[in-house]
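Below: the structure, in structure tokens.
One-based numbering along the sequence shown.
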Amino acid sequence: MLYILRTLIRKLPGIVIKLVPLPKWETISGFGAREQAGPFCRKNGFKSVLLVTDKTIFSLGLHEKIMTSLKENGIEVSVFSDISSEPNLTIIDGGRTAGTDCKADAIIALGGGAVMDSCKMIAAGGKLKNRKSESLLKKFLFVPKKTIPLITVPSTAGTGAEITVGAVVTNRKGNKGSTVIVGLDVRAVILDSELTLKAPKGITCACGIDALSHGLEGVVASVKVPEEDMNKSMECVKLTLQNLPVLIQNPENIEARQNMCLAAHYGGNAINKQLAGYVHAFAHSIGAKYHIPHGNAIALSILPVMNLQKEKCQKHLAELSRYCGLGDNAMSDNDASDKLLDAIGELIELCGFESRKGRIAKEDYKSLAHAIAWDSINYAPPIVMSNQQITTVLDEINQK
């Protein structure tokens, strides 16, 4: 019955996402670019800013250049750094209070996905002052006249959360839920490679593979998008394949760091325009069940999922392969797509992710298949997998 439902509504998410107004932002890029936060805020007439970050970034002092920049431009700044976990209602409550206390007319989000998602909800709650944070956790949260303006400064090169309209938040009962914020107002995105420079290899690789998966799933999604958006998804994959190996060998290569920031950014665009697919459905369910970090779970899932979908989306994979310089026009689509998947496999191996062979218990297959099937309803994959096909993919993942 669930398979029939998913088949009937498979195009619905792609239709709905096109109805959601997306933010329009200015992109500021470069090593140390976060020092441009002050001039940007002054130019846009912001008087008081709430700078939101996590405890680690705060302890490392990575927020200080932003604070100095704001103060030099005559802008008052308050700091909220009580984020040490995934977004939850306690964090949102604290952020809303901090924003009200300083009368913030803009919020700067400095950090990874947890900070970004927290700030989206804080910015929404700042405009919906009479609503409790619990009431904000809806599938679609409508914010009339937009949220408090956001300037996002990602500290990792992976999630693309600096521009995505979705936020994942844990409620009071400990359950995660995804909210699409209709009216999210991202005014600027600052891509500063300096923030990623000291990231450990494991973090760099996990974030990079996550970014690649966003672009890849965007390319094969069943949502039709303008050529510009398709090119960004393909560029996301190309930039990752070219630059992540460089960083594994030379972590201090600033050009490669900046290129990975751009790849992640383009991946965020793919999520907004083309959604994700079964790679994420598998990674979410397996990661939650076995407490595997998201990027690692993506690395486990990406090739088994793409191998099963290959016949259906071979034309797109071949086009992407040629765009990345792996295949050529003399190759068949089958050979070109194989070149691409081989290159992704080699990159995953180079990253050195821990093997999970035999880690998925056979007795968990049924519950995992059910969770994966339900999660896939939110996306726009090229096919709808039956439970048998999901089990086939789980078997392949279990052999890695």
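- Here the closest non-hydrogen pair linking Trp25 and Ala188 is CB-N, 4.0 Å.
- Under the salt bridge (Lys or Arg N to Asp or Glu O under 4.0 Å) criterion, Glu319 pairs with no residue at all, not counting sequence neighbours.
- The only member of Asp210, Ile203, Thr204 that meets side chain to side chain contact (heavy atoms under 4.5 Å, CB included) when paired with Cys207 is Ile203.
- Other residues, nucleotides and ligands contribute over 12 non-hydrogen atoms within 6.0 Å of the NZ atom of Lys238.
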Which is it for Lys120 and Thr164 under the side chain to side chain donor-acceptor pair (under 3.5 Å) test, yes or no, and what are the steps along the way? CA-CA 10 Å; Lys120 293 170 192 175; Thr164 55; 2.9 Å; yes
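- Salt-bridge annotation for Asp395 and Lys362: present, with a side-chain N of the basic residue lying under 4.0 Å from a carboxylate O of the acidic one.
- Looking at Glu76 and Ser48, their side chains never bring a donor and an acceptor atom within 3.5 Å of each other.
- For the salt bridge (Lys or Arg N to Asp or Glu O under 4.0 Å) test, residues two or more places apart in sequence or in another chain that qualify with Glu86 are Lys176.
- Here the side chain of Ser118 pairs a donor or acceptor atom with the backbone of Ala114 at under 3.5 angstrom.
- Residues Lys310 and Asn334 bring a donor and an acceptor atom of their side chains to less than 3.5 Å of each other.
- Using a cutoff of 4.0 Å between basic side-chain nitrogens and carboxylate oxygens, Arg187 and Asp105 are not scored as salt-bridged.
- Judged purely by distance below 3.5 Å, without hydrogens or angles, the side chains of Gln242 and Asn259 never pair a donor atom with an acceptor atom.
- With sequence neighbours excluded, the residues that form a salt bridge (Lys or Arg N to Asp or Glu O under 4.0 Å) with Lys198 are Glu252.
- Classified by interplanar angle (parallel below 30°, tilted 30° to 60°, perpendicular above 60°), the ring pair Tyr379/His284 is tilted.
- Look at Lys145 and Asp185 and you find no salt bridge, because none of the NZ, NE, NH1 or NH2 atoms lies under 4.0 Å from a carboxylate O.
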